[in-house]
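This is a predicted model, so every value here is computed, not measured. Both backbone and side-chain heavy atoms feed into the values below; hydrogens, waters and symmetry mates do not.
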Amino acid sequence: MGALAGNVRDVQLSQAFVRTAAKWLLGLMLAVAACIVAINLVSNTVASPQQPVRDYLDALKRGDGGAALGLLKASVPGGNAAMLDGTALQTAASKVSDVRIGAPESRGGKRVMVPLDYTIDGNELHSEFLLERTGTEWLFFGHWEFVPSSLPTIDVTVVNASEANLNGIPVNLPDGRGSFSVFYPGQYEASLSEQFFTAIPVHTAVTSNDSGQTPLNLLTRTTDSMNRAVAAKIKQYLDNCAEEATKQQRLQPDCPFYHVTNSPIEPGTIKWRITQYPKISIEPFAGGWAVAPLNGKARVTAKQIDLFTGQVSNLNEVLDFSFTTRLNIGENSIAVVPQVSY
């Protein structure tokens, strides 16, 4: 009986050992599987070639140009750097939506191309980033970096001005032009809105480091405020001229309008009045602004005496007149200088 009981205990111990070993083996297998899953997960996320692209896009959205430039490892061309940080950069990146980072595509050796699809103002656009594996981290994970490149540039021009707004930031444009280094992808908009001059905003989407970007050309025009101011000054000039001509009783005053007659005029009867004021058109010309020839009408009335009969009749004539003017434009002022030929 004793021997039989001992054998039973031995069998029970063996079974317990087998169960324990099986549990340990199952746990080890699960741990190994979890490690493999974790390694694959890390390899496909934070250690993937796409991760530097994600980090770069996040830096653009934050307006952190220093971090973006460090990640991109790009050189900065010799242009204006006003778009490479802060609000201007955030504005450019904010136009990028519906971002889709594609699977890496081999470019030979240790290099891959990571495609990026997105939309700007509803337009489907595409960018590509070249990265290379520069080492290994934690034995398993590849370390990926952008292949060094150069930032793209955009050119901005403006007619008859030396400054404008680019992505909401005032920028200087010596001689009416400037070149700006920019990040991509992003949208850049130039505009001009001042007291006297304005321009319809123009924009361009930058999708690569290709330097052949579409230039932003601002076609400056005068504002309604300036046109009204010039028209008011022209009206005041003509009204004053008519009033002075009436006071001086002159048919040929120092004004754009005059009347010629061989008949004597009864003293004190001459009256001048402007019946049609010129329409104002101001256009860029030779680096400045020129007012188109000004055309109007003036009425002169008087009592005229017939040389042969001595009879008095009414003079009532509407006369066409034309003249030019020069504009002197200061920072906050406009001077109108009529140019009248007699």
Side-chain angles (χ1 to χ4, degrees), residues 158-162 176 192-200 218-342:
V158 60
V159 175
N160 287 359
S162 58
L192 178 66
S193 181
E194 297 180 346
Q195 180 181 0
F196 299 143
F197 305 104
T198 186
I200 297 175
L218 288 171
L219 301 178
T220 314
R221 59 182 176 85
T222 55
T223 62
D224 291 340
S225 174
M226 179 175 179
N227 292 339
R228 286 193 299 268
V230 172
K233 290 178 181 294
I234 294 297
K235 181 179 184 299
Q236 183 181 25
Y237 161 71
L238 291 173
D239 287 343
N240 290 343
C241 225
E243 182 180 356
E244 192 65 24
T246 300
K247 283 182 180 180
Q248 296 176 359
Q249 289 293 288
R250 297 176 61 184
L251 289 180
Q252 291 90 35
D254 297 331
C255 296
F257 44 82
Y258 61 93
H259 178 66
V260 177
T261 180
N262 293 322
S263 299
I265 300 297
E266 187 174 304
T269 64
I270 297 175
K271 291 183 180 179
W272 284 98
R273 182 171 63 89
I274 306 301
T275 60
Q276 180 179 311
Y277 293 94
K279 293 182 178 180
I280 305 300
S281 177
I282 305 173
E283 301 292 339
F285 177 75
W289 295 92
V291 181
L294 300 167
N295 302 307
K297 295 180 184 293
R299 181 183 296 274
V300 60
T301 60
K303 299 290 186 180
Q304 58 184 356
I305 304 171
D306 189 281
L307 288 173
F308 299 101
T309 66
Q311 290 184 337
V312 177
S313 62
N314 291 324
L315 170 65
N316 190 342
E317 295 283 346
V318 175
L319 307 167
D320 294 324
F321 64 85
S322 179
F323 68 107
T324 60
T325 187
R326 187 179 74 250
L327 291 180
N328 293 333
I329 302 172
E331 185 174 349
N332 296 302
S333 63
I334 304 172
V336 177
V337 183
Q339 311 289 300
V340 179
S341 299
Y342 304 107

Is there a side-chain contact between Met226 and Ile329 in this structure, where contact means two heavy atoms from C-beta onward sitting under 4.5 Å apart?
yes

Can you establish whether the number of heavy atoms outside Phe321 located under 6.0 Å from its atom CZ is more than 12?
yes

Minimum heavy-atom distance Ser333-Phe196, with the two atoms named
N-CE1, 3.7 Å

Applying side-chain contact (heavy atoms from CB on, under 4.5 Å), run through Val340 and Asp254 and close with a yes or a no.
CA-CA 8 Å; Val340 179; Asp254 297 331; over 6 Å; no

Say whether, by atom type as modelled, one donor and one acceptor occur between the side chain of Gln249 and the main chain of Ile270 under 3.5 angstrom.
yes

Keeping the roles fixed (side chain from Gln311, backbone from Ile305), state whether a donor-acceptor pair exists under 3.5 Å.
no

Interatomic distance, Glu243 atom CD to Ile274 atom CD1 [nearest 0.5 angstrom]
11.5 Å

Keeping the roles fixed (side chain from Thr223, backbone from Thr198), state whether a donor-acceptor pair exists under 3.5 Å.
no

Please give me the minimum heavy-atom distance between Arg250 and Gln252, naming the atom from each residue.
NH2-O, 3.0 Å

Can Thr222 and Asn227 be said to form a side chain to side chain donor-acceptor pair (under 3.5 Å), step by step?
CA-CA 7 Å; Thr222 55; Asn227 292 339; 2.8 Å; yes

Indicate the atoms forming the closest heavy-atom contact of Ala161 with Leu192, along with that distance.
CB-CD2, 4.5 Å

When you measure from the side chain of Trp272 to the backbone N and O of Glu244, does any donor-acceptor pair fall under 3.5 Å?
no

Would you say the side-chain atoms of Thr325 pair up with the backbone N or O of Gln339, donor to acceptor, closer than 3.5 Å?
no

Just verifying a value: how many Å separate Gln304 CD and Asn316 CG, rounded to the nearest 0.5 Å?
10.5 Å

Once you round to the nearest 0.5 Å, how far does NZ of Lys279 lie from CG of Leu294?
13.0 Å

Does atom CD1 (Ile200) have a neighbourhood of more than 12 heavy atoms from anything else shown, all under 6.0 Å?
no

Please find the pair of heavy atoms, one from Ile234 and one from Ile280, that lie closest to each other, and give the distance.
CG1-CD1, 4.1 Å

Stepwise side-chain contact (heavy atoms from CB on, under 4.5 Å) check, Leu327 with Ile334
CA-CA 7 Å; Leu327 291 180; Ile334 304 172; 4.2 Å; yes

To the nearest 0.5 Å, how far apart are CD in Gln236 and CG in Asp239?
8.0 Å

Leu315 CG to Lys303 NZ distance, which is reported to the nearest 0.5 Å:
10.5 Å

Would a 4.5 Å heavy-atom cut-off, applied to side chains only, mark Cys241 and Pro256 as touching?
yes

Evaluation steps, side chain to side chain donor-acceptor pair (under 3.5 Å), between Asn295 and Ser322:
CA-CA 4 Å; Asn295 302 307; Ser322 179; 2.8 Å; yes

Over all heavy atoms of both residues, which pair between Thr275 and Ala298 is shortest? Give the atoms and the distance, please.
OG1-N, 4.0 Å

Roughly how far apart are Gln276 CD and Leu238 CG, rounded to 0.5 Å?
11.5 Å

Trp289 versus Thr220, closest heavy-atom pair with distance
CH2-O, 3.6 Å

